[in-house]
Undergrad: 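Questions regarding the structure given below will be posed in turn.
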Amino acid sequence: MSSSPNEPLSFDDFDEVVSPRPEETDFDRIVEAAVRRRGFLGGALAFGSFALLGGTLVPGTAKAASDRFAFKQIPANTDDAVTVPDGYNVDVMVRWGDPLWSNGAEFDHATRGTAGSQATAFGDNIDGMEVYAIGDKMVLVANNEYTNRKIIWGNREEGKSANDDDVNKGKMAHGISIVEIRPENGKWTIVKDSQLNRRITPDTEMELTGPAAGHDLLKTAADPTGKKSMGTWNNCGNGSTPWGTYLTCEENFNGYFSAADENHEVSPELNRYGISSKDWGYGWAQVDERFDVSKHPNEPNRAGYVVEIDPRDPNSTPKKRTALGRFKHENAEAVVNNDGRVVVYMGDDERGEFLYRFVSDGVFAPGGPTEGLLNEGTISVAKFYPNGTGEWLELTPETTGMANKAEICVHTRQAGSAVGATTMDRPEWVTSNPNTAEIYCALTNNKNRGIKPNAGGDPTPVGGPNPREANNYGQIVRWRPKDGDHTSKDFTWDLFVLAGNPTVHQDANKGSDNVNADNMFNSPDGLKFDSNGILWIQTDGNYSNAEGFAGHGNNQMLAGDPVTGEIRRFLVGPKECEVTGMTWSPDLRTMFVGIQHPGERGESHWPEGGDAVPRSAVIAITRKDGGPMG
Ligand code: FEO
Ligand code: CA
Ligand code: CA
């Protein structure tokens, strides 16, 4: 998400206004200066400055760069359309408000639906997604992250909810949409009334599992057991397990809580997560008292997790996996280590927050039990050193001083601060290279880098993988676990790319050597490797196309070669959208991509055009020659 429902503030900005973060101290300036003295980039930059690392490039068996991409780069643009290279087709497969059952109403552009119609229709603002082959069927599971009030309530004065049904419509537009899909007459379509179709909403019953389940911090008036929670919301990126379940990640869960008494002060523990007496305009406390934090102060402790969903069984209870920690989860990249243990890499997307790794105690065996794999294990947080090395710091009662594992799993940010984790430039998606033990993470931007500490007061010095003060453009960091062992404490790292604008800047803001006037972009966010080892990069950034962003155009999707560093633009989204979420059909001949919040400031009518309400949608991209897309 690029901005909050309360335009023009971003989510991070809004959090900083309603719950002010600590000011920078003299000590922070000293730390920053010390890091700066080690040299501009502090650590290592992959292309052009790689020698700083004293390492070698990752060995690869890739063909020459010109052969690695099947397409010709397209120029940036500001059209209200999806643009792809010659030789490719784009179809819109499913949009916000499309009914999943034949008794549901078609989307009404005049009213933008009701709570009732929305509850059985595809949700809004599509983000992470995955397609599963289930028997002879194919099922799309997609996150519906949030709503923009000027769009969902655009039929009302000033884009504000006019009644409880409006608020509930917004609530029902959140969560997960699960829908069977199939090709019909050469185009992908949803299958209404499929037995596998399901909407998961903020009211769907879920089970709290893992170390924090049943802990006092998770008990509420409605659930004195602390083991059952209602629903999921602000589901951003995703992951998928080797056993075929979907992982949905709760990100900006805080913005839905408020207090009837605006002067109510939340605890420091809730403040660290940005909970305050004001919500971000969703108004849920008005229709559902559990979102009033003055009455139910433990309710926010029941959100901020990774949730596992079984798409094979539409009656299954989703499971919140507290062992994977509580923070503003972007996505969850699960890999099976050489010894069978399951390793999950995860980012906490807020300025100056951390990168995490979970390692299961048990091992994955195909066909074997999987229930405990994401409940029992160790969570660690990343520490990066300027010399291109790093280590994972375990979060245990001994290292954090916290009472037990349950507290660490609820107050995970505080645990990370306690061990001195590296404050990052907003960790977004993490993805694993299928050809080698190497992980990439998009650090989208951080205007507070070197300016302000994070929400917990940890300093944010310039250096290491966060090398630019007031970072407007973002970068992609990658790391390699020692000996290819994802459970190893040690790793080495470098930067795959520093985004920037070489037509405007001559300093570090021009970007790294693999950024030029033809492929430039800002704010990398969605990241996913395809089966060939091409890194797909989606952006959620400044689309003003002016000043420091002149020539960047609308948000876009690019392909990167992890071996050569080449980056090429593949797709440009419609006006005021972000491009986020991607997956492939089982035969790899279709790539599905999410277009989120087109027209968030009122300038788009995509995809229907004319005077139509802009609608977030999943698009299907194919090659005209029928060749593979990934
Ligand atoms: Fe929902 Fe960090 O993006
Ligand atoms: Ca983002
Ligand atoms: Ca994102």
Side-chain angles (χ1 to χ4, degrees), residues 1-5 9-15 123-129 142-148 174-176 232-239 247-256 273-274 280 282 303-307 327-333 345-356 413 424-431 440-448 454-455 471-476 499 521-528 536-543 549 552 554-557 573 576-583 593-597 600 616:
M1 59 174 67
S2 60
S3 50
S4 79
L9 291 181
S10 73
F11 283 108
D12 278 9
D13 284 336
F14 194 82
D15 276 359
D124 198 0
N125 278 345
I126 293 140
D127 208 296
M129 66 179 80
N143 291 342
N144 300 115
E145 190 180 23
Y146 71 112
T147 56
N148 303 79
H174 285 68
I176 324 294
T232 185
W233 55 92
N234 212 284
N235 304 85
C236 186
N238 77 295
L247 300 175
T248 185
C249 301
E250 298 177 338
E251 192 189 21
N252 291 293
F253 64 92
N254 58 307
Y256 299 80
Y273 287 87
W280 289 349
Y282 299 109
Y305 296 106
V306 173
V307 187
F327 43 89
K328 293 186 180 179
H329 277 283
E330 180 71 23
N331 84 322
E333 177 71 348
Y345 292 100
M346 304 167 285
D348 180 355
D349 179 11
E350 186 175 314
R351 295 173 188 141
E353 290 296 340
F354 310 133
L355 252 178
Y356 295 87
R413 284 184 165 180
M424 307 296 286
D425 285 347
R426 295 186 53 201
E428 299 256 24
W429 287 63
V430 186
T431 186
Y440 289 63
C441 176
L443 300 171
T444 196
N445 56 54
N446 180 4
K447 69 175 190 182
N448 290 347
N454 72 4
N471 174 18
N472 280 326
Y473 294 108
Q475 63 268 15
I476 297 174
F521 62 98
N522 71 88
S523 305
D525 184 337
L527 276 192
K528 216 178 228 190
W536 293 90
I537 304 165
Q538 300 174 317
T539 71
D540 169 22
N542 186 311
Y543 46 72
F549 305 96
H552 285 199
N554 294 346
N555 275 309
Q556 54 187 286
M557 187 159 91
E576 301 177 352
C577 80
E578 96 183 62
V579 182
T580 184
M582 66 191 117
T583 187
V593 172
I595 302 295
Q596 192 188 93
H597 64 68
E600 65 173 352
S616 179

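Note that this is a predicted model, so its numbers are computed, not measured. Residue numbers run from 1 in the order of the sequence given. One-based numbering, in listed order, for ligands and for the atoms of each. Only this structure's heavy atoms are used, side chains among them; waters, hydrogens and symmetry mates stay out.
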Undergrad: Has Asp540 got an N/O/S atom less than 2.8 Å from atom 2 (Fe) of ligand 1?
TA: no

Undergrad: Name the one of Asp127, Asn235, Thr248, Asn238 that satisfies side-chain hydrogen bond (donor to acceptor under 3.5 Å, both in side chains) with Asn143?
TA: Thr248

Undergrad: Return yes when at least one N/O/S atom of Asp525 is nearer than 3.0 Å to the Ca ion (ligand 3), and no when none is.
TA: yes

Undergrad: How large, to 10°, is the angle at atom 2 (Fe) of ligand 1 when you draw lines to OE1 on Glu428 and to OE2 on Glu251?
TA: 160°

Undergrad: Do you know which N/O/S atom name in Asp349 is closest to atom 2 (Fe) of ligand 1?
TA: OD2

Undergrad: What is the name of the N/O/S atom in Glu428 that sits closest to the Ca ion (ligand 3)?
TA: OE1

Undergrad: Check the pair Asp12 / Asn448 against side chain to side chain contact (heavy atoms under 4.5 Å, CB included), numbers first and verdict last.
TA: CA-CA 10 Å; Asp12 278 9; Asn448 290 347; over 6 Å; no

Undergrad: Looking at Glu330, pick out the N, O or S atom nearest to atom 2 (Fe) of ligand 1 and give its name.
TA: OE1

Undergrad: Do any N/O/S atoms of Asp525 come under 2.8 Å of atom 1 (Fe) of ligand 1?
TA: no

Undergrad: Between Tyr256 and His174, what is the ring plane arrangement, given parallel below 30°, perpendicular above 60°, and tilted in between?
TA: perpendicular

Undergrad: When the ring planes of Tyr356 and Phe327 are compared, do they come out parallel, tilted or perpendicular, using 30° and 60° as the limits?
TA: parallel

Undergrad: Does Asn254 form a side chain to side chain contact (heavy atoms under 4.5 Å, CB included) with Phe11? I'd like the steps, not just the answer.
TA: CA-CA 10 Å; Asn254 58 307; Phe11 283 108; over 6 Å; no

Undergrad: Tell me whether atom 1 (Fe) of ligand 1 has Glu145 as a neighbour, meaning an N, O or S atom of it below 2.8 Å.
TA: yes

Undergrad: Taking just the N, O or S atoms of Glu330, which one is nearest to the Ca ion (ligand 3)?
TA: OE2

Undergrad: Among Asn446, Asp348, Asp349, Thr444, find the residue that satisfies the side-chain hydrogen bond (donor to acceptor under 3.5 Å, both in side chains) test when tested with Arg426.
TA: Asp349

Undergrad: Give me the one residue out of Glu251, Glu250, Glu350 that meets side-chain hydrogen bond (donor to acceptor under 3.5 Å, both in side chains) with Lys328.
TA: Glu350

